[in-house]
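Notes follow once the structure below has been shown.
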4 protein chains.
Amino acid sequence: MANTDIPALFAESLTNLKLTDKQKAVLEASLKLFSEKGFDNTSTSDIAKLAGVSEGTVYKQFKTKAGILKAIVEPFAENVIPLAATEFLDEVSTENLPDFKDFLTTVIKNRFQFAMNNLPQLRILFHEAITTPKISEKISKEILTLLSSNLKQAYLFYQTKGELVKWSPDRIFRYMISTVVGYVIPVLLIPGLTLDVDQVTKESTEFLLKGLSPK
Amino acid sequence: MANTDIPALFAESLTNLKLTDKQKAVLEASLKLFSEKGFDNTSTSDIAKLAGVSEGTVYKQFKTKAGILKAIVEPFAENVIPLAATEFLDEVSTENLPDFKDFLTTVIKNRFQFAMNNLPQLRILFHEAITTPKISEKISKEILTLLSSNLKQAYLFYQTKGELVKWSPDRIFRYMISTVVGYVIPVLLIPGLTLDVDQVTKESTEFLLKGLSPK
Amino acid sequence: MANTDIPALFAESLTNLKLTDKQKAVLEASLKLFSEKGFDNTSTSDIAKLAGVSEGTVYKQFKTKAGILKAIVEPFAENVIPLAATEFLDEVSTENLPDFKDFLTTVIKNRFQFAMNNLPQLRILFHEAITTPKISEKISKEILTLLSSNLKQAYLFYQTKGELVKWSPDRIFRYMISTVVGYVIPVLLIPGLTLDVDQVTKESTEFLLKGLSPK
Amino acid sequence: MANTDIPALFAESLTNLKLTDKQKAVLEASLKLFSEKGFDNTSTSDIAKLAGVSEGTVYKQFKTKAGILKAIVEPFAENVIPLAATEFLDEVSTENLPDFKDFLTTVIKNRFQFAMNNLPQLRILFHEAITTPKISEKISKEILTLLSSNLKQAYLFYQTKGELVKWSPDRIFRYMISTVVGYVIPVLLIPGLTLDVDQVTKESTEFLLKGLSPK
DNA sequence: GATGAATGAGAGTTCATTCAT
DNA sequence: AATGAATGAACTCTCATTCAT
């Protein structure tokens, strides 16, 4: 399965905004600083310095400091996540994985790779989600609705085949997410920590297979 | 089993600090504001106003704004959590729950109640953990070491009895935490959301029992 | 007739605000700079420097730069002007000037002195009135209503005596104001220009007496 | 008498500057914005937006923001006012109005119409006159010198005829101006207010005729 | 111990102006 | 001639912190 190239999608969405090189540099510097120090502990002067531009340039395109955050978070939340998810789900269904085990392995591995490829954005999202309830509400609903509705059919397929416990899609999805997130959060929190994607995929799948088996 | 009264423990640790009523009011106001708006978006003037004291008083005991955060987070992280955990584990072991199912139910329910009783503190911890790597590192290590070492014996007990899969304590603990956290995080993020502790305890236990059964 | 001591009234209204010496210095510096350079061309840094305080002090009491303007203009517009007018009109009516000529002389002289004593405030009022329509509307209505309603009785008295043309109070008042303002505006506009109050009072009265005589 | 078409004169002076359409649009946008919000509260970006041009274009012809103000105020102050005044006085003298009453009516009506036709410019002039003493000094002297010297002959004519009090031309002129301005200022200050030119002309003339009559 | 006026460094933001295209 | 991205100085305002009372 061709792994979705999230950074490429992000870069593409930047290109669509018709930003100049300097303005892209502002976004890149902001992404780095926000994810490292948090939004509040990053000054626009820091951003300008790291991006190698004047403070005025920072405001030319993004109007306010919050506008920079929006420019980073929104395409990620509104376009990149769903896009990646849709693409990925298309692949899953087209491949028509016959075994639930293969399905689980594919999905879990994909999500681990997505997380590893987008640590800075996830860090920012994670951080802002607490301070700004709207963001978290929107994102969580979006992801939940999208994923669960698309996954529903897959779940039903495996439930009918007798390979998956007959719980609600929400509940099944929650345990899948929880298990993945349980491995990812320490990586988000402790700098330098990494993940052996293949290993954790194997472990997670083994646990979930048992937890989600019928009977 | 008598449920651990965390707020009482917290209040007790406050009493030990020999704070005046005004200084306690400062801590309470800070707890409320930090958990609602985050540390950075709370000014010392906000705190003074809510606590009904002068700005000078805020600084009399706590020296700096970070000192207030420390005074809230440290007793929670260093004393309250371990204390509660130890107390709770003592109860568990002394009661010598014969069934793994009963053990799981007891542990899970206790953790859900702990979370529900300490939402403001968890929100602050959650928030600061990302900005301040040291905090998260310290806390995660502390919790992991402490809990897993104490739980090890219990795990071994049930593994020997043939009721628990023979994975490492860390791995077993991770899935237990993940499953609980998977229910708690939405409550942390979306204001107004609550949890039916009995219901989620039943669901989580059902899932974990299967996922952690041998074979 | 004891001339109303406007500066004393202003100082008194300052005292009532319970301002510290530094905060009074801020108001005084602002009054000077606003009247000299205009509100927009005066920076809060300018004010702080002239007042010999930090910029923070400027904001401690007045919250915003516009707040300083308000603190200068409002007591002047809402308290000082009406107060002075009422006091002055009381004196007029109690003295019961028998001749319209004496009445005119008294009123005109008082207004000239009021203007000369409050040039800085008038300059600011004049300046802001154009940019902020609300101010001018409020002030003009206030002055007009107050003065014309109080003057009405006096006008009627002299009209009955056959010393004053039987026009509407508004119209009579307008010509009185215009004539005074016609002498004052050049003083407001051209720095260094002063007024010989006795001389202009004599001239204005001579003109108005003829213009307002009944045929 | 043909009423002087000030806007036409202004447009003509614009044409003489050999401005492109875009540059004229800049001037027109500036005139509107300066008179509405004041010079300081109008940004060059505002002007560019309203004029539908780039910010660079704003600076091509006018070098600085103050240059735009100059381009609006100077032709008005140096050319348009005197030009209109001269033209108007020519008409007055050539028509050789026999009665002082007719003369007054003609002059007053003309000035009211001039004011009504040029409210935006007057607003700007009024506003800037306070902040920039030079402007007001220059304009006031210019108008005074020009008008009073030209009017002198007319005044002398009516004084000799016994229709006008034998005061200095300056003093007579001041009362004429004051009376007109007394009606115009409220219109400048309170948006939406208008003037019935015929009515105020009649009122003003009636008052001035009496005030300026000999004896 | 408590107050709150005062501080000053630094934050976010605006804007007149320049200049390569 | 026209554009608009880029600049950087200056502005208004915030806030953690200090200290005389």
Side-chain angles (χ1 to χ4, degrees), chain A residues 18-23 25-26 40-48 51-68, chain B residues 19-23 25-26 40-49 51-68, chain C residues 18-23 25-26 40-48 51-68, chain D residues 19-23 26 39-49 51-68:
Chain A
K18 284 180 189 168
L19 300 173
T20 64
D21 286 348
K22 301 221 172 196
Q23 288 160 352
V26 168
D40 290 310
N41 293 312
T42 302
S43 72
T44 50
S45 156
D46 290 341
I47 295 171
V53 303
S54 71
E55 278 214 62
T57 300
V58 173
Y59 281 86
K60 198 77 185 192
Q61 178 71 27
F62 303 106
K63 308 300 184 228
T64 66
K65 192 187 167 193
I68 308 176
Chain B
L19 299 173
T20 65
D21 285 350
K22 301 223 169 192
Q23 287 161 351
V26 168
D40 290 309
N41 294 314
T42 301
S43 72
T44 50
S45 153
D46 289 340
I47 295 170
K49 241 170 255 157
V53 304
S54 72
E55 285 202 56
T57 299
V58 174
Y59 279 83
K60 201 73 189 187
Q61 179 71 26
F62 304 106
K63 306 304 185 229
T64 67
K65 190 187 169 192
I68 307 175
Chain C
K18 284 179 189 171
L19 299 174
T20 64
D21 287 349
K22 301 221 171 192
Q23 287 160 352
V26 169
D40 290 310
N41 292 313
T42 302
S43 72
T44 50
S45 157
D46 289 342
I47 295 170
V53 303
S54 72
E55 278 214 63
T57 299
V58 173
Y59 281 87
K60 198 77 184 190
Q61 179 71 26
F62 303 106
K63 306 301 183 232
T64 66
K65 191 187 167 192
I68 308 175
Chain D
L19 300 173
T20 64
D21 285 350
K22 301 222 169 193
Q23 287 160 351
V26 169
F39 179 75
D40 290 309
N41 294 314
T42 302
S43 72
T44 51
S45 153
D46 289 341
I47 295 171
K49 240 169 254 156
V53 304
S54 72
E55 285 202 56
T57 300
V58 173
Y59 280 82
K60 200 74 189 187
Q61 180 70 28
F62 304 106
K63 306 303 186 235
T64 68
K65 191 187 167 191
I68 307 175

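Throughout, a chain's letter reflects where its sequence line sits, starting with A, and its residues are numbered from 1.
Contacts of C:E55 with the nucleic acid, taken as non-hydrogen atoms under 4.0 Å apart, include base atoms. Contacts of A:T44 with the nucleic acid, taken as non-hydrogen atoms under 4.0 Å apart, include base atoms. As judged by a 4.0 angstrom heavy-atom cut-off over every strand, B:V53 is placed among residues touching the sugar-phosphate backbone only.
OP1 or OP2 of E:dT3 sits under 4.0 Å from a side-chain N or O of B:S54. Taking side-chain N and O atoms only, B:Q23 has a distance below 4.0 Å to OP1 or OP2 of E:dA2. In terms of phosphate contacts, C:T20 brings a side-chain nitrogen or oxygen within less than 4.0 Å of OP1 or OP2 of E:dA6. The phosphate of E:dT3 (OP1 or OP2) has a side-chain N or O of B:T57 nearer than 4.0 angstrom.
When every heavy atom of B:K65 is checked against every heavy atom of B:T42, the shortest pair comes out as NZ-O, 2.7 Å. Residue A:A51 comes nearest to A:A25 through the heavy atom pair CB-O, 3.6 Å, listed as atom of the first residue, atom of the second, then distance. Across all non-hydrogen atoms, the minimal contact from D:D46 to D:N41 is OD2-O, 4.1 Å.
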How far apart are the C-alpha atoms of C:Y59 and C:T44, what are their side-chain angles, what is the distance that settles it, and do they pass the side-chain contact (heavy atoms from CB on, under 4.5 Å) test? CA-CA 9 Å; C:Y59 281 87; C:T44 50; 3.1 Å; yes
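Projected onto DNA chain E by closest heavy-atom contact, B:V58 and A:Y59 fall at different nucleotides, the more 5' of which corresponds to B:V58. Between D:S45 and A:K65, the residue anchored nearer the 5' end of DNA chain E, judged by the nucleotide with its closest heavy atom, is A:K65. In terms of position along DNA chain F, the nucleotide closest to C:T42 lies nearer the 5' end than the nucleotide closest to the other residue of the pair B:K63 and C:T42.
Between the CD1 atom of A:I68 and the C1' atom of E:dT13 there is a distance of 11 Å, rounded to whole Å. Summarising the geometry, the separation between NZ on D:K49 and P on F:dA2 is reported as 20 Å, rounded to the nearest angstrom. The distance from atom CZ of A:F62 to atom C1' of F:dA6 is 14 Å, rounded to the nearest whole Å. Atom CD in B:Q61 sits roughly 17 Å away from atom C1' in F:dT18 (whole-Å rounding). F:dT12 atom C1' lies 15 Å from atom CG of D:D40, rounded to whole Å. Rounding to whole angstrom units, CG of residue A:N41 and C1' of F:dA16 are separated by 14 Å.
When both pairing distances are held under 3.5 Å, F:dA1 makes no Watson-Crick or G-U pair with any nucleotide shown. Across all strands shown, E:dG8 is found opposite F:dC15 as a Watson-Crick or G-U wobble partner, with both distances under 3.5 Å.
Listed candidates were E:dT7, E:dG1, E:dG12. Nearest to the side chain of B:K60 is E:dG1. Distance from the side chain of C:K22 is smallest to E:dA6 among F:dT12, F:dA1, E:dA6.
Expressed to the nearest 0.5 Å, how far CD of D:E55 lies from OG of D:S43 amounts to 7.0 Å.
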